[in-house]
Amino acid sequence: MNKIVLGILFIGMTFLSGCAAMKSANPVDRKDLAEESSVVVVRPNRYTLLGTQSVRDYLEVVYEEMAVNQAGYPIVRVGVRNKGGEHWWDLRAPDFTLYAQAVFYRDPVAGTETRSAPLYKTNKQPFPMKRGETTDMSFTAPVKGARGYQVIFSEN
Amino acid sequence: MNKSGWIGIAMALLLLAGCSSPKVSQHGQISPDEDVIEGGLSSNDIRTMAEKMGPQILSIPEIANNDGVTRIAIAPMKNSSRFIIDMNIFMKKLRLELSRNSGGKLRFFSQNNGTGTRNTILKNRQEEEISAALDQLAEQIVNLPMVQNSAQPIKMAILPVLNVNFVKMNVDSFAAMLRSKIVERANGKILFLIPGAEQGADYYLTGQFIAESMKQEGIVNLPDYINMMDERIKKGESLDLYDESPASVGNNNTGNQLNIVNGDLRGRYPSLFNQLQLSANLREIPNVTKKFNAMLVKSDGKLAVWEKMITLEKKITDGTENANFILSGEISGLSKRDGRKQSDYLLMTMQLVNPVSNEVLWEDGYEVKKSSQSGTVYQ
């Protein structure tokens, strides 16, 4: 079989593979999952060649803790400071609104390659971030039994 | 270019085709936490407030340490802000949050929804209960020793029932139903005189309708009342039922009270008649528990030899009398405007109150300040 026939065969097979009615969804990379911490920032809407435009650049986590209140409901407290930009291409320090969502899990999530369904998930709550200030966020789950959590920050 | 080159280019193009991004669309749907319009209260505020306050309410010792069910009545929220919004939406979201996560420990009352259907169901059930109560009454009368031990059939006459206008029941139908149920069970041991006849009766079957209320009822059985008034007018008597003097009367009819005072008797009659016809208050059936006290009276001596009270209708309530707490709230606002710029500070406060002691068990607030360039209009 000559090269032309092989090439046509290869191209045909490539197109045919797109004709499958169903395809499996991609499983999460377990290594990536294990590297996630308990406070994460979602990726920005877009990237540029001069670095990411993620709000992550402006944030630093001052503290994070998990406790239970007197009734036994889990509480997650996170302190986040708006430190502003610290790159040569972005030295701004604007005030902005940060949205935070707390997800409560039965077991701690940091460092684990598997993730169970959450026990409770709050809505995305807005927090005005003033330049230089630490914003204290507190999330209480109305369900008991959570020992793990993940707080997710996003710009909107 | 040779053939291999063309194949290489084709393969490279195919590989690059894999770099295209997927076509996605929101189809006009956005998350309830998002808002495309700035300023004013948003769905995110409602959700955030409910999700912050829900766990707090569940954590109150009076609720968290209560092994049983805690019942909460919801009071309408007060809106003191400049925004014209559906105030129920706050309470609905908070109630949803609490109901969803309380595991049945918290219960709320359906204070508005389905009231008409519920009333219809309760009325239908009450009719069945009245029929069952009449069965029970007839059974007891038939099985009375004086009936069972009598050698001769007992003759009974039905006397008019008292206080009919309290409950606005069709007393003739009521008496006929009871009489019929007694006759069905008596096997000839009880004979009834024709309606209206009393002579020759051994016993009178009568009774009294009782309304479980200390409030003076404004109910008027219109046809009976008009006939009675007509007769009084013909006799030149007062229209005041409690006034036996032939003094002239007028009327000072306010609210539910029928209060007859001095005036021209015949001249006032048409206006009184009109008032009775037009006043919904006077014809409204009072929502109270209504009972019937049946009495068997011996014709000689007029002694009641047997009495039995049955419930005809139970007062229909919305159930909030069983509430352990009242959940209420208020939205207050402070708004500023300069040209197109404006800002709104909004404070939403919620309270949980003990209805008996009127103590505030829990209170919290959610505050937010929004700025915008144009006015927000809620639709």
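Lettering of chains follows the sequences in order, A, B, ..., and the numbering in each one begins at 1. Note that the structure is a prediction, hence the values are computed from the model and not measured. Quick note: numbers below take in every heavy atom, side chains included, and nothing from hydrogens, waters or symmetry partners.
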Flag, side chain of A:Q101 to backbone of A:T122, donor-acceptor distance under 3.5 Å: yes
B:S102 portion near chain A, given a 4.5 angstrom heavy-atom threshold: neither
A:R131 atom CZ, over 12 foreign heavy atoms within 6.0 Å: no
Residues of residues 137-152 of chain A near chain B, each having a heavy atom less than 4.5 Å away: A:S138, A:T140, A:A141, A:P142, A:V143
Heavy-atom contact with chain B under 4.5 Å, split by part of A:N123: both
Short side-chain donor-acceptor distance under 3.5 Å, B:D33 and A:Y99: no
Contacting moiety of B:Q56, where chain A heavy atoms sit under 4.5 Å: neither
Minimal non-hydrogen separation, B:I63 against B:I57, with atom names: CD1-O, 3.5 Å
Chain B contact via A:P126 - which portion, at a heavy-atom distance below 4.5 Å: both
Residue of the set B:K370, B:E367, B:K369 for which side chain to side chain donor-acceptor pair (under 3.5 Å) holds with B:Y345: B:E367
Qualifying residue for side-chain contact (heavy atoms from CB on, under 4.5 Å) with B:L106, from B:L98, B:L327, B:N66, B:V69: B:L98
Toward chain B, the part of A:Q125 with a non-hydrogen atom under 4.5 Å: both
Taking every non-hydrogen atom, the tightest pair across B:R47 and B:K93: CG-CE, 4.0 Å
Contact leader toward chain A among B:E51, B:K52, B:R100, where contacts are heavy-atom pairs under 4.5 Å: B:E51
Modelled atom types, side-chain donor and acceptor of B:N101 and A:Y120, under 3.5 Å: no
Results of side chain to side chain contact (heavy atoms under 4.5 Å, CB included) for A:D29 - residues two or more places apart only: A:K31, A:D32
